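Structure, as structure tokens:
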Amino acid sequence: MSDHRHHLAEQLGHATVEETAAAYPPAPLPPAVISAILRDSDSPLYPSKIVVFCDECGAEDARDYMVSTEQTSAERLEVARAHLRAQGWRCDESGDYCTEHASAEETFCDFGVTSVSGSGCILLAGHEPANRHVVTPGDTDDEDEW
Ligand SMILES: [Zn+2]
Ligand SMILES: [Zn+2]
């Protein structure tokens, strides 16, 4: 286990943000793992509480993540964001959005979607009531815009 951890830390020294996020174990870490790492004074890894805020509603998610002294603060944040993405958050260059707001800007209900561009329900995914849709036929006569 500790060999694996050192190997991981070495890899992370030159990893991209994406690789860094992917290589770290998912949070929250088991207490046994945290204490093992804390006992190992050679390890660059340490648990750190990272708080991510939803840009839309301000909801916060605070957890202990295993980060490395070799990481930049942006990379450390990315560790948390990668975990939250797996939980349904949307964390990208536009900001951080909780599960409730993750899809508010980009994901629309897929009811009535056809091969025609822009067709289908114009409401956001997960709208209420779920069985009432507002469907448009799409951009069938908008060739001039292209
Ligand atoms: Zn939110
Ligand atoms: Zn709909």
Side-chain angles (χ1 to χ4, degrees), residues 1 4-5 7-38 40 43-146:
M1 185 64 189
H4 174 67
R5 196 173 67 238
H7 179 59
L8 199 60
E10 258 171 54
Q11 284 184 332
L12 293 174
H14 304 283
T16 66
V17 170
E18 282 77 16
E19 287 167 344
T20 300
Y24 273 88
L29 292 166
V33 173
I34 293 178
S35 62
I37 290 171
L38 289 179
D40 181 356
S43 174
L45 297 175
Y46 63 95
S48 175
K49 187 177 288 293
I50 300 177
V51 185
V52 180
F53 295 92
C54 173
D55 287 353
E56 191 67 33
C57 68
E60 61 181 80
D61 186 291
R63 292 165 202 262
D64 288 320
Y65 295 93
M66 195 54 64
V67 298
S68 167
T69 54
E70 295 163 1
Q71 288 175 301
T72 64
S73 57
E75 286 172 330
R76 282 191 273 251
L77 177 61
E78 197 58 29
V79 172
R81 296 174 95 200
H83 173 71
L84 290 177
R85 274 189 212 105
Q87 305 292 309
W89 281 54
R90 180 162 63 89
C91 302
D92 55 31
E93 58 285 343
S94 70
D96 302 313
Y97 301 92
C98 73
T99 52
E100 198 175 322
H101 299 107
S103 58
E105 286 177 20
E106 288 173 354
T107 306
F108 290 87
C109 174
D110 59 8
F111 180 88
V113 172
T114 69
S115 58
V116 178
S117 169
S119 69
C121 180
I122 61 171
L123 300 178
L124 298 171
H127 61 74
E128 295 287 341
N131 62 353
R132 190 192 303 153
H133 306 278
V134 180
V135 177
T136 74
D139 304 325
T140 50
D141 54 5
D142 281 355
E143 288 115 7
D144 290 348
E145 288 185 9
W146 301 94

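No hydrogens, no waters, no symmetry mates; every other heavy atom, side chains included, goes into these values. Computed from a predicted structure; not experimentally measured. Indexing begins at 1, ligand by ligand and atom by atom, following the structure's order.
Considering the Zn ion (ligand 2) as centre, the angle to ND1 of His133 and to SG of Cys121 is 120° (10° rounding). Centred on the Zn ion (ligand 1), the SG atom of Cys57 and the SG atom of Cys98 lie at an angle of 110°, reported to 10°. With the Zn ion (ligand 2) as vertex, Cys109 SG and His127 NE2 subtend 100°, rounded to 10°.
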Item to check | From CA spacing to verdict: side chain to side chain contact (heavy atoms under 4.5 Å, CB included), Val79, Gln71 | outcome: CA-CA 10 Å; Val79 172; Gln71 288 175 301; 3.4 Å; yes
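Between the side chain of Asp96 and the main chain of Cys91, no donor-acceptor pair closer than 3.5 Å is present. Counting only distance, with no hydrogens or angles, the side chain of Ser43 and the backbone of Asp40 share no donor-acceptor pair below 3.5 Å.
Using cut-offs of 30° and 60° for the angle between ring planes, the Phe111 and His133 rings count as parallel.
Nearest to the Zn ion (ligand 1), among the N, O or S atoms that His101 has, is ND1.
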